[in-house]
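Chain naming here is simple, since letters A, B, ... match the order of the sequence lines and numbering starts at 1 in each. Every heavy atom of this structure was used, including side-chain atoms; hydrogens, water molecules and symmetry mates were not.
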Amino acid sequence: MSPNRLGEGEGAIRRERILSFTFDGKRYTGHPGDTLASALLAAGVRVVGRSFKYHRPRGILTAGSEEPNALVELRTGARREPNTRATVVELFDGLEALSQNRWPSLLVDFGAINSLLSPIFIAGFYYKTFMWPAAFWEKVYEPAIRRAAGLGRASLEADPDTYEKAHAFCDLLVVGGGPAGLAAALAAGRAGARVILCDEDFLLGGRLNGDRHEIDGKGGGHWARQIAEELASLPEVRVMTRITVFGAYDGNTFGALERVADHLPVPAAHQPRQRLWKIVARRTVLAAGALERPIVFGGNDRPGVMLASAVRTYVNRFRVTPGRRTAVFTTCDDGWKTVFDLLDARVDVPVVVDARREIPAALANEASRRGLRVMLGAQILDAHGAKGVGAIDVRDERGRTLRIAADALAVAGGWSPNAALSTHLGGRPQWSDAIHAHVPGDLPRGMIAVGGAAGDFSLAGALRAGAAAGLEAARAAGFEAPAQSPPRVDDEAVGCAPLWFVAGARGKAFVDPQHDVTIKDVAVATREGFQSAELLKRYTTLGMGTDQGKTSALNGHALVAALTGRAPSDLGTIASRPPYTPVAIGALAGMHRGAAFKPCRLTPSHRWAQSRGATFVDLGEWRRAKAFPLEGERDWKRTLVREVRGVRTGVGVCDVSTLGKIDVQGPDAGIFLDRVYANVMSSLPVGKARYGIMLREDGIVFDDGTVAHLAPGHFLLSTTSAHAVKVLQHLEHARQVLWPELDVQLASVTEQWAQFAVAGPRSRALLERLLRGAVDVSNAAFPYVACAEFQWQGRPARLFRISFSGELAYELAVPSTWGDATVRAIMTAGEDLGVVPYGMEALGTMRIEKGHLAGAELNGTTTAHDLGLGRMMSVQKDYIGRVLAGRPGLCAPDRPALIGVKPSRLDAKITAGAHFLRIGARPSLANDEGFVSSVTFSPTLGHWIGLGLLSGGPKRIGERVRAHDPLSGGDVEVEVEVVNPVFYDPDGKRLRD
Amino acid sequence: MRIECPFCGERDVSEFAYLGDAGYRRPPADSQGLAERFYEAVYLRENPAGPHQELWYHAAGCLSWLRVTRNTRTHEIIAVGLATQAPGS
Amino acid sequence: MRYSIFSLLRQALAGHRGWEPAWRDAEPKPAYDVIIVGGGGHGLATAHYLAKVHGITDVAVLEKGWIGLGNAGRNTTIIRSNYLLAGNNPFYELSMRLWEGLEQDLNYNTMVSQRGVLNLYHSDSQRDSYVRRGNAMRMHGVDAELLNARDVRRMLPFLDFENARFPIQGGLLQPRGGTARHDAVVWGYARAASGRGVDIVQNCEVTGFLREGGRIVGVRTSRGDISARKVGMAVAGNTSSVARLAGVRLPIESHVLQAFVSEAVKPLIPCVVTYGAGHFYVSQSDKGGLVFGGNIDGYNSYAQRGNLPTVEDVCESGMALMPAIGRVRILRSWGGIMDMSMDGSPIIDRTPVEGLYLNGGWCYGGFKATPASGYCFAHLLARDEPHEVARAYRLDRFAAGRLLDEKGQGPQPNLH
């Protein structure tokens, strides 16, 4: 069952427990500590995926998050995760994985026919064909391309798991828990600094787990566990595993994704699947190690070809070998570690092919001591084998080619620092001739790179630099930190001669295996002029796969360089962009989805409205009662008519608490209000309220509302519900930035006060009963636009005689915690007066009947003149918006201005969004004369009415025009008569009585 | 990005609303060529690639308007002060 | 060489050794009739139409880096002409018509895919404003359809219809909207322009302007002085900086807009969808990646990168709209620098300095405008008068109060 599991040695798996899992429906077993990749390798599964374009069989190339090939669909149903890298999936009992991008099965994939067409499917071929006939692109070509492309399948069901967000602050963030990172965390932690160490693996130690190092005479893995224990004992140190620091952002902020439950079948109860961390760090040690590069040769994508360091990881950590006859192809000393580790694990190494003509004597001696077949100055031309490597063709130093049987091949092309995080803020890596790769260039402030991430590939160097960086960070945070002697380790050879690709391969040689970019593709791109790093990437898609070219980009650059006679560094670099490894969209969204997407603000009377069977409507964040249908009242129009008539003939009550309320106090309050309102407010006597409009500085109407002068130096403004926050910001700007010399203070009191409109001819009677003399509401004592502050039932209350409905009306305000009790008291007091609760539908209808403005008219493009409010613009004072409102374009006489419309045939319906056309005019933009902004069925008039903005405005009252609406599906054309926008009680007698 | 509010301390950028160029001066009502001056003040804002004086509003905090000097190439915050205080004071 | 399946087959047989550079990497000449500053989509399109429509081929496109790596290569590839205002709608519809014939015009497959653009609405007032907009589109002969929730569900069954904070009520669909392959647009225009004799000069940064009297007579560049009868700027994102070299101040701010692409998945989203209750728009590329974005970060920036709050905001909206994508992973994010104008609409006009012409202020709508922008800018450069559909894009409209403010946000660039 596990033909490739090595017999002896524990590595980091726990053999005593057996975990069962399936891949493509077939059952396998593994152990705790395995990844899906190591368990599949152990089971002898070689083909785990199919490539993007040619559907070539692919195996496992790496043992880490840089994996380009081994992508699977993990889990099933709503939890299906496409494109999951088998190399980072921690094995759990019951795991289910499917191979992807194949049909009908992984081993028999019809898509592989693309491989036969590969001579045509060259880089950029899409751009050169599929152009004829033009109509075929969407109908024929593109659907076929889309079906063939894509990798795994996303679930169509809502993600059932939850995601959390967390914040953390520290003196030092250590990215990477390998030797350098551990040394850094330890040095800073011992000094007392607040340290956070993050590692993407589930096991600390980095390469110490994959390699066989000795530190202070102990195994590297053992040392790592010992350090981890000490770190765990330090109170200011937090060590996290299964967490990837994926992005560096401004202000020393880092994004990190913790995989809380990805190693479990389902998250534990009340636990999220993943947690997004936002970490603010004074200092950062980038100890993310390095990534090994493959070498490009023919058939280098065949299952069984693996990075040499990955082979070591599988052998040493997981006790698995990719093959029983594993050849090694290297161009650096590091590859030899794989040779000896394989041999020590009793795996046959049929040949070591080292592209260098000379190697260190120690390696050569050891090789000869072990009787190894070594070919120096040689290269592997091609790997053969349909479903995995079976043999390799080696070209020796004299140019002869010979075939050698091998069922796996370890490839060591040298290491590139893993410096992605150092470039997220714009830093560009620099080329290093010493290591033939890019090293971090100008790092973000506060960040230092150490160990492999800095291009220092020796263990001693990593430990030393890590400890030094940790000390420095601790000292910078104000901690005393004595230097400590570094642990003792052996020197190791890290020599490397670059070899990027092998010329003369016969088979397809893949530079980017995930996107099937071959040497030929790069050659064509080069020929066509796509020679800079960015253009090459875009034209060939090299490096645009899920692995972001971690193992392929530099080889591609080196290839272009060779083809154009330049050095790899001449191509420039590609800035790495966040995230370092892909991050689930759900994790970035966190809790704010579904009903919790945005807050839901409830009015003070919400529970009462619910108890009355109200229907509700969401207006921005507010949820307001839409209507109060009586039992059996199924038709919305019947409810509307009843509520409107109830108000117009009796009395109604409506919660208007959502209107913004801003308290303005101070000796200069009046002057301040004069400057922010277009009309004069300073003349408003105490005890009176006034309607006002605010303009933006560009002269457009910003908001409208009332200003109540409650007491000397004390005003209360109301704003529209939608603009409450924006108006406060605007006023604070005026107060703090424009006129800081004015002695005036502002406070939002929207949430503090519940406010109810009590409207209708019987509203006075109701309030008399309710208030019982707390305030005299008679017309004489409390006329239209009066306002008062008073005590009612031992609590503060406010009353305003203002009306949105057009009836005699009051608005009563009480502290919001008393809102519920107050609305119930209003209902009780009005019971025998026939008081009706009314909702937004009735409110909206009555405001249209009265020609009052709402969001559809105050739409950010209308002037006071457009809205019939031009006379409100004071000529006696300066105010925001005065000057620019006078620009010619805003004063043009043909601007659309507010009018009312009613259908010529009274049974016709008008729709909002219809455009006005002159009778007989062809529908065109040139003939467009404006639009219908708001409509309602008017219960009072018995037909549909609307407000609109019509070119020429009120001058055209009496004219007939067409309301043109081809879109809504009703009558395309309705003839309407232009009328006064105030349909009901135009003289305002009712509200003054 | 993090901004050090003089009242609230260093806070994440998500707490702030942005207005832009802090050089905005509302022309006095009695100045000459008012229309032109207002046009310039409202529409022609500074937009440098480099250090920029700009107004931020601590919307999810103390509601202070802040005068922030920030490098638009690097997003580095160079200085923060209250808008009620004249620049430089 | 003409591109076709036949040339491709011929080359396949010849080992693809005969392909030529898609465009000439030209050395700058000392003088040109017209210099276009900026080798993005708009600049290259301008050069193409100058040569093709107006016969002006003594043209150089100067690019400070490599062509197409600014906003042309950093957008979410959406094309549409669903505009409300009479000053905008005909312009974008011209662009749409040019998109529809672009492959044949350029002999380059720019993968124009008219798979539909759907704007969702979630309230009655939002529906009313979409009706208004859709009717404006219809009145100009642009396709527009109003969908109800049932229609939307049929198209996109995996959206959140059950548990949404702001339930989907319907949408405004422009069936002819869709996407195009952004890089291919750049390369196609470059190749076509180059083929007509236009010089595309890369790694040539404009550092100043040459003047004679009050007039601009050329540019100073990192590769020497180059004179020209007319100089056109098509450097959106950096318009303020380049214009400042000529002493011109503009009603434009530079802001960063982030965009995102997910790992490739099998076909999921058939059209372009925009959420109406938050900032989120998404489509799926032919390669399978979900390409999406949201609001600008909101502060002036030239950094070509943004911050996490916006990333989170975009993803929240994405998850609120389509909770099935929770386990799809973001592969890459990036930022582009937008020329945010003060009313949200672009400027194609002469500048106060004679000889200098402006094409900018595209906000985040520049990609879809590429063909018409090039077409109209070429018209302006060739004839010194605005093209009929770009008449409203005047620089003096701000001072005159003839604004083109589709959203009604006023002179606050980060709100457009």
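- Both the backbone and the side chain of C:Ile5 come within less than 4.5 Å of a heavy atom of chain A.
- Applying the salt bridge (charged side-chain N to carboxylate O under 4.0 Å, His left out) rule to pairs touching residues 148-159 of chain A yields A:Glu73-A:Arg153, A:Asp159-C:Arg327, sequence neighbours excluded.
- No part of C:Thr110 comes within reach of chain A, as not one of its non-hydrogen atoms sits under 4.5 angstrom from that chain.
- With a 4.5 angstrom heavy-atom cutoff, C:Leu9 touches chain A only via side-chain atoms.
- In this pair, A:Phe130 and A:Trp137 present their aromatic rings tilted. The plane angle is within the 30 to 60° band.
- Among C:Arg397, C:Gln11, C:Arg17, the residue with the largest count of heavy-atom pairs under 4.5 Å with chain A is C:Arg17.
- Contacts between C:Ser113 and chain A at a heavy-atom distance below 4.5 Å involve backbone atoms as well as side-chain atoms.
- Of the listed residues C:Asp160, C:Leu69, C:Val314, C:Leu268, the one with more heavy-atom pairs under 4.5 angstrom with chain A than any other is C:Leu69.
- Applying ring-ring contact (aromatic ring centres under 6.0 Å, His included) to C:Phe280 and the options C:Phe260, C:Phe292, C:Tyr275 leaves one that passes, C:Phe292.
- Under a 3.5 Å cut-off, the side chain of A:Thr253 and the backbone N or O of A:Gly251 do form a donor-acceptor pair.
- Only the side chain of C:Gln104 comes within contact range of chain A, with at least one heavy atom under 4.5 Å from a heavy atom of that chain.
- Of all the listed residues (A:Arg922, A:Glu697, A:Arg696), the one sharing the greatest number of non-hydrogen pairs under 4.5 Å with chain C is A:Arg696.
- Using a 4.5 Å cut-off between heavy atoms, C:Phe6 makes no contact with chain A at all.
- Taking the six-membered ring for Trp and thresholds of 30 and 60 degrees, C:Trp187 and A:Phe530 have ring planes more than 60 degrees apart, a perpendicular arrangement.
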>> Run A:Thr861 and C:Asp405 through side chain to side chain donor-acceptor pair (under 3.5 Å) and show every step you take.
In response: CA-CA 7 Å; A:Thr861 63; C:Asp405 189 347; over 6 Å; no

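- Sorted by first and then second residue, the pairs that involve residues 133-142 of chain C and meet side-chain hydrogen bond (donor to acceptor under 3.5 Å, both in side chains), not counting sequence neighbours, are A:Asp965-C:Asn135.
- Only the side chain of C:Leu172 comes within less than 4.5 Å of a heavy atom in chain A; its backbone stays farther off.
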>> Go through it in stages, so that I can follow the logic: the residues are A:Lys278 and C:Glu312, the test is salt bridge (Lys or Arg N to Asp or Glu O under 4.0 Å), and I'd like the CA-CA distance, side-chain angles, deciding distance and then a yes or no.
In response: CA-CA 11 Å; A:Lys278 286 171 271 184; C:Glu312 295 174 73; 2.8 Å; yes

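- With a 4.5 angstrom heavy-atom cutoff, C:Leu8 touches chain A only via side-chain atoms.
- Between the side chain of C:Asp183 and the backbone N or O of C:Gly73 there is no donor-acceptor pair closer than 3.5 Å.
- With hydrogens and angles ignored, the 3.5 Å screen pairs a side-chain donor or acceptor of A:Asn83 with a backbone N or O of C:Ala264.
- Listed options A:Pro582, A:Ala856, A:Pro160 were ranked by heavy-atom pairs under 4.5 angstrom with chain C; first place goes to A:Pro582.
- Heavy atoms of A:Phe702 lying under 4.5 Å from chain C are absent altogether.
- Ring geometry for A:Phe597 versus C:Phe166: interplanar angle over 60°, hence perpendicular rather than tilted (30 to 60°).
- Using a 4.5 Å cut-off between heavy atoms, C:Gln304 does not touch chain A at all.
- Neither the backbone nor the side chain of A:Ile700 comes within contact range of chain C, judged by heavy atoms closer than 4.5 Å.
- Contact annotation for C:Leu403: only side-chain heavy atoms (C-beta onward) come within less than 4.5 Å of a heavy atom of chain A.
- Using a distance-only test at 3.5 Å, with no hydrogens or angles considered, no donor-acceptor pair links the side chain of C:Glu316 to the main chain of A:Gly590.
- The part of C:Asp313 that comes within reach of chain A is its side chain, from C-beta onward, which places non-hydrogen atoms under 4.5 angstrom from that chain.
- A donor-acceptor contact shorter than 3.5 Å is absent between the side chain of A:Ser118 and the backbone of A:Phe121.
- For A:Ser576 and A:Gln548, the side-chain atoms include no donor-acceptor pair closer than 3.5 Å.
- The closest donor-acceptor contact from the side chain of A:Ser924 to the backbone of A:Asn927 lies under 3.5 Å.
- Counting heavy-atom pairs closer than 4.5 Å to chain A, the top residue among C:Arg332, C:Gln412, C:Glu103 is C:Arg332.
- In this structure, the portions of C:Asp286 lying under 4.5 Å from any heavy atom of chain A include both its backbone and its side chain.
- The aromatic rings of A:Phe246 and A:Tyr249 lie perpendicular to each other, with more than 60° between the two planes, well past the 30° mark.
- Interface remark: A:Ala525 contributes no atoms to any contact with chain C (heavy atom separation under 4.5 Å).
- Annotation: maximal heavy-atom pairing with chain A below 4.5 Å, among C:Ala184, C:Gly278, C:Gly335, C:Ala136, occurs at C:Ala136.
- Contacts between C:Arg305 and chain A at a heavy-atom distance below 4.5 Å involve the side chain alone, from C-beta outward.
- Ranked by heavy-atom pairs under 4.5 Å with chain C, the list A:Asp547, A:Leu425, A:Leu535 is led by A:Leu425.
- Comparing C:Ala303, C:Pro90, C:Pro411, C:Ala400 by how many heavy-atom pairs each has under 4.5 Å with chain A, the most go to C:Ala400.
- Ring orientation note: the planes of C:Tyr3 and C:Tyr108 are tilted relative to one another, at an angle of 30° to 60°.
- Your options are A:Gly255, A:Cys600, A:Ser968, and the one with the most heavy-atom pairs under 4.5 Å with chain C is A:Cys600.
- Within the 3.5 Å criterion, the main-chain N or O of A:Asp250 finds a donor-acceptor partner in the side chain of C:Asn307.
- Per-residue counts of heavy-atom pairs under 4.5 Å with chain C were compared for A:Arg623, A:Arg80, A:Arg593; the largest is that of A:Arg593.
- Only the backbone of C:Ile269 comes within contact range of chain A, with at least one heavy atom under 4.5 Å from a heavy atom of that chain.
- Ranked by heavy-atom pairs under 4.5 Å with chain A, the list C:Lys287, C:Arg402, C:Arg24 is led by C:Lys287.
- With a 4.5 angstrom heavy-atom cutoff, A:Lys53 does not touch chain C via any of its atoms.
- Residue contact with chain C, scored on non-hydrogen atoms closer than 4.5 Å, is absent for A:Thr526.
- Options A:Ala589, A:Gly586, A:Gly620, A:Ala885 differ in how many heavy-atom pairs under 4.5 Å they form with chain C, and the most are formed by A:Ala589.
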